[in-house]
Amino acid sequence: MDVRVRYAPSPTGLQHIGGIRTALFNYFFAKSSGGKFILRVEDTDRERYSDESLEDLYSTLDWLGIKWDEGPVVGGPYGPYIQSERFDIYKEYAEKLVKEGKAYYCYCTPERLEKLREEQVKSKSEYQGYDRHCANLTDEERAELEKQGIKPVIRLKVPTTGKTTFHDVIMGDITRKNKDISPDPILLKSDGFPTYHLANVIDDHLMGITHIMRAQEWIPSGPLHVLLYEAFGWEVPTYCHLPMVMGKDGQKLSKRHGSTAVREFRDKGYLPEAIINYVTLVGWSLDGSTEFLSKEELEHCFKMENIHKNPGKFDYKKLDWFNSQYIRMASDDRIASLLTPYLVKAGFISDPPTKEEEEKVRLLVAPAKERMKVLSDIVELSKFLFKDEPVSDKDVYIAKGSDLVKTKDALVEGGKILFDGLRENKAEEKIEEELMSLAERLEVKVNGVFQPIRVALTNSQVSLPLFDSIRLLGIPESERRLERAINLFKEN
RNA sequence: GGUUCCUUCGUCUAAUGGUUAGGACAGGAGAUUCUCAGUCUCUAAAUAGGGGUUCGAUUCCCCUAGGAACUACCA
């Protein structure tokens with residue numbers, strides 16, 4: 001039997017790390033076993049639904065390079081793949097269960113249910129949940145309630161005795177007493193929309209899903225789903241509950257831990273390959289020593305057996321490390337084009353960039369690449385190039401172990417050595433040597449010469465290396481800035 | 001509270017019924033380069049606790065502790 005798996009998110013918010021981890025595991029499992037990866041949109045919650053979320057789902061998967069074999073947009077033989085377009089199907093199946101006596105109409109108002117819940121909590125009753133008030137209504141009673149215009153929900157009859165077991169590839173057998181399963185859960189809401197449980201089970205069956213890979217938070221509803229499959233007389237698919245992605249404190253990863261939306265990571269300048277590589281390594285590993293895995297490699301070597309049982313904490317620092325590694329591995333051209341939007345947004349270059357600006361960005365890549373954890377770091381790194389904000393505090397120019405006079409000499413003499421050398425096309429190493437011997441003469445450390453010049457050119461103590469900076473600024477502008485610094489030191 | 005699940009360095013993880021319990025990130029130290037970053041070297045750091053089974057257990061079993069998820073006309 002060919003593997004068919006699905007990622008079935010609900011478009012009620014931006015795609016987050018946990019979600020795409022589930023998507024990735026499904027996708028890699030499908031690819032590595034020659035199966036199909038299906039995307040299904042579970043938009044049955046009309047209150048939390050948003051168009052923006054749906055767009056974010058598509059654009060996030062697209063950015064990550066995850067293509068679905070069947071689903072919205074691309075279609076497929078089991079469509080439609082958006083649950084709100086399958087409305088009639090759920091109603092039909094729910095009513096079928098009612099006809100067969102496996103489910104029933106319930107007319108209880110939300111108010112009554114609320115009151116019931118309150119009482120159960122207050123009395124610390126062992127019995128929690130719906131009291132099956134409508135389970136045995138007579139036809140007359142039902143007709144009366146219908147006449148009042150009350151729109152009923154459909155509830156599943158959950159057995160009160162016995163137990164239900166399902167097998168999970170990762171967890172093994174999981175058993176739950178039927179009396180502990182949420183009593184008579186709603187399958188069809190009063191607005192005619194299905195709940196997750198109903199729609200999910202029906203669609204997974206109708207779409208021929210063979211393996212259900214989803215987060216462990218769904219384990220508690222496993223037995224309920226099995227009950228539903230049995231009620232319909234359908235074969236239960238293979239379950240595979242994925243370990244959760246937690247925050248630093250061991251709780252489900254959420255906003256208070258930091259960024260969780262893929263969109264945010266993307267905006268900050270994380271590369272898709274870094275996200276994919278790192279996220280896949282939370283809850284899964286190839287062999288314990290392989291760190292770098294490309295999407296293509298994972299499409300081949302991903303094995304379900306290597307998925308862990310225990311939840312994993314999301315480590316932002318390790319993601320940063322992966323990202324900085326991938327930035328360095330990427331081609332200069334690619335990084336240049338990725339960097340451009342950040343520079344435009346900072347107001348450093350025009351949109352679209354001029355030829356001259358493009359050239360500058362291109363030159364910037366090499367020295368900047370090794371210094372970035374995320375692409376947005378480029379703004380701080382390249383500020384000196386586009387915004388000239390000279391440092392007027394002399395102390396900033398003075399290196400440790402140097403003084404006012406020596407710093408001024410370093411600027412004047414160093415500048416002369418530097419620019420004369422450059423005009424004569426001397427090798428940078430040669431000029432560097434000469435600057436070093438200047439330091440010796442001035443009796444300062446090497447930095448005593450370099451720091452003032454660097455600060456003069458880059459307006460900062462922390463900057464790109466001197467020669468890179470000059471290359472970027474150009475000799476005339478560099479000289480201008482140096483001259484300005486010398487004048488500063490000539491004052492008073 | 002109830003139900004279910006989980007437990008190897010701070011974090012992600014590897015390994016085996018017999019190893020000096022391995023790797024990576026983060027941390028610390030040092031080297032190097034004009035600052036920063038980087039790179040290189042070194043370093044510290046774990047089998048939750050208690051019982052069994054066994055010649056031997058981190059590995060198998062039980063208990064305890066800790067943690068998590070679920071407990072909606074949300075998914």
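Computed from a prediction, not measured in an experiment: that's the story for all the values here. Residue numbering restarts at 1 for every chain, and letters A, B, ... go by the order of the sequence lines.
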How would you summarise protein contacts on nucleotides 28-50 of chain B per nucleotide, using B for base, S for sugar-phosphate only and - for none, with heavy-atom distances below 4.0 Å?
------BBBBSS-----------
Going 5' to 3' through nucleotides 16-22 of chain B, assign each nucleotide B (protein heavy atom under 4.0 Å from a base atom), S (under 4.0 Å only from sugar-phosphate atoms) or - (no protein heavy atom that close).
------B
Listed nucleotide nearest any side-chain atom of [X], set [options]:
{"X": "A:Lys318", "options": "B:U4, B:C74, B:A24", "value": "B:A24"}
{"X": "A:Met246", "options": "B:A24, B:C74, B:A68", "value": "B:A68"}
{"X": "A:Asn310", "options": "B:C25, B:A69, B:U8", "value": "B:U8"}
{"X": "A:Leu113", "options": "B:G10, B:A69, B:C73", "value": "B:C73"}

Phosphate OP1/OP2 of B:A75: any A:Thr12 side-chain N/O under 4.0 Å
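A:Thr12 to B:A75 OP1/OP2: no side-chain N or O under 4.0 Å.
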For B:A68, does either OP1 or OP2 sit under 4.0 Å from a side-chain N or O belonging to A:Gln251?
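Checking B:A68 against A:Gln251, a side-chain N or O does come within under 4.0 Å of OP1 or OP2.
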Starting at atom [atom1] of [X], determine the distance to atom [atom2] of [N], rounded to an integer number of angstrom.
{"X": "A:Leu54", "N": "B:A75", "atom1": "CG", "atom2": "C1'", "answer": "15 Å"}
{"X": "A:His197", "N": "B:U71", "atom1": "NE2", "atom2": "C1'", "answer": "11 Å"}
{"X": "A:Glu47", "N": "B:A75", "atom1": "CD", "atom2": "P", "answer": "10 Å"}
{"X": "A:Asp320", "N": "B:A24", "atom1": "CG", "atom2": "C1'", "answer": "15 Å"}
{"X": "A:Leu286", "N": "B:C12", "atom1": "CG", "atom2": "P", "answer": "19 Å"}
{"X": "A:Gln120", "N": "B:A72", "atom1": "CD", "atom2": "P", "answer": "9 Å"}
{"X": "A:Lys177", "N": "B:C70", "atom1": "NZ", "atom2": "C1'", "answer": "17 Å"}
{"X": "A:His308", "N": "B:U11", "atom1": "NE2", "atom2": "P", "answer": "15 Å"}

Taking B:U58 as the reference, what is the distance to B:G22 when you measure between their P atoms (whole Å, please)?
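That atom pair is separated by 16 Å.
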Please report the distance separating the P of B:A48 from the corresponding atom of B:A14, rounded so that it comes out in whole Å.
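Between the two P atoms, the distance is 15 Å.
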Report the base-pairing partner of [N] (Watson-Crick or G-U wobble, both distances below 3.5 angstrom), or none.
{"N": "B:A31", "answer": "B:U39"}
{"N": "B:C9", "answer": "none"}
{"N": "B:U54", "answer": "none"}
{"N": "B:C70", "answer": "B:G2"}
{"N": "B:U47", "answer": "none"}
{"N": "B:U59", "answer": "none"}

Side chain to side chain contact (heavy atoms under 4.5 Å, CB included) partner of A:Cys240, the single match among A:His211, A:Met171, A:Met213, A:Arg214
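Option passing the side chain to side chain contact (heavy atoms under 4.5 Å, CB included) with A:Cys240: A:Met213.
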Can you pull out every salt bridge (charged side-chain N to carboxylate O under 4.0 Å, His left out) where at least one residue sits in residues 439-464 of chain A? Sequence neighbours excluded, please.
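Found A:Glu413-A:Arg441.
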Per the salt bridge (charged side-chain N to carboxylate O under 4.0 Å, His left out) rule, what does the pair list look like for residues 11-20 of chain A, sequence neighbours excluded?
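Those involving residues 11-20 of chain A do not exist here.
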Geometric cation-pi criterion, A:Arg155 with A:Tyr105: 6.0 Å, 45°
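Because its charged atom misses either the 6.0 Å distance or the 45° angle limit, A:Arg155 does not stack over A:Tyr105.
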Name the residue from A:Tyr316, A:Phe314, A:Tyr326, A:Phe292 that meets the ring-ring contact (aromatic ring centres under 6.0 Å, His included) definition with A:Tyr278.
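Only one of A:Tyr316, A:Phe314, A:Tyr326, A:Phe292 forms a ring-ring contact (aromatic ring centres under 6.0 Å, His included) with A:Tyr278, namely A:Phe314.
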Output yes when A:Lys406 and A:Asp409 qualify as a salt bridge under the 4.0 Å nitrogen-oxygen rule, no when they do not.
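No, no charged N to carboxylate O under 4.0 Å.
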Using atom types as modelled, flag every donor-acceptor pair under 3.5 Å from a side chain in residues 365-379 of chain A to any protein atom, sequence neighbours excluded.
unit_1, atom_1, unit_2, atom_2, d
A:Lys369, NZ, A:Arg328, O, 3.4
A:Lys369, NZ, A:Ala330, O, 2.6
A:Lys369, NZ, A:Asp332, OD1, 2.7
A:Arg371, NE, A:Pro367, O, 2.9
A:Ser376, OG, A:Lys268, O, 2.7
A:Asp377, OD2, A:Lys373, N, 2.9
A:Asp377, OD2, A:Val374, N, 3.2

Hey, what do you get for CG (A:Asn178) to OG1 (A:Thr164), rounding to the nearest 0.5 Å?
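Spacing of CG (A:Asn178) from OG1 (A:Thr164) equals 3.5 Å.
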Give, ordered by number, those residues of residues 252-263 of chain A having at least one heavy-atom distance below 4.0 Å to an atom of RNA chain B; if nothing qualifies, reply none.
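Heavy-atom cutoff 4.0 Å gives A:Lys252.
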Could you walk me through whether A:Val41 and A:Tyr49 pass the side-chain contact (heavy atoms from CB on, under 4.5 Å) test, one step at a time?
CA-CA 11 Å; A:Val41 176; A:Tyr49 171 85; 5.6 Å; no
Return whichever of A:Lys151 or A:Val282 has its heavy-atom-nearest nucleotide of RNA chain B closer to the 5' end.
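First, find each residue's nearest nucleotide; the 5'-ward one identifies A:Val282.
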A:Asp191 or A:Thr175, whichever maps to the more 5' nucleotide of RNA chain B:
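Nearest nucleotide further toward 5': that of A:Thr175.
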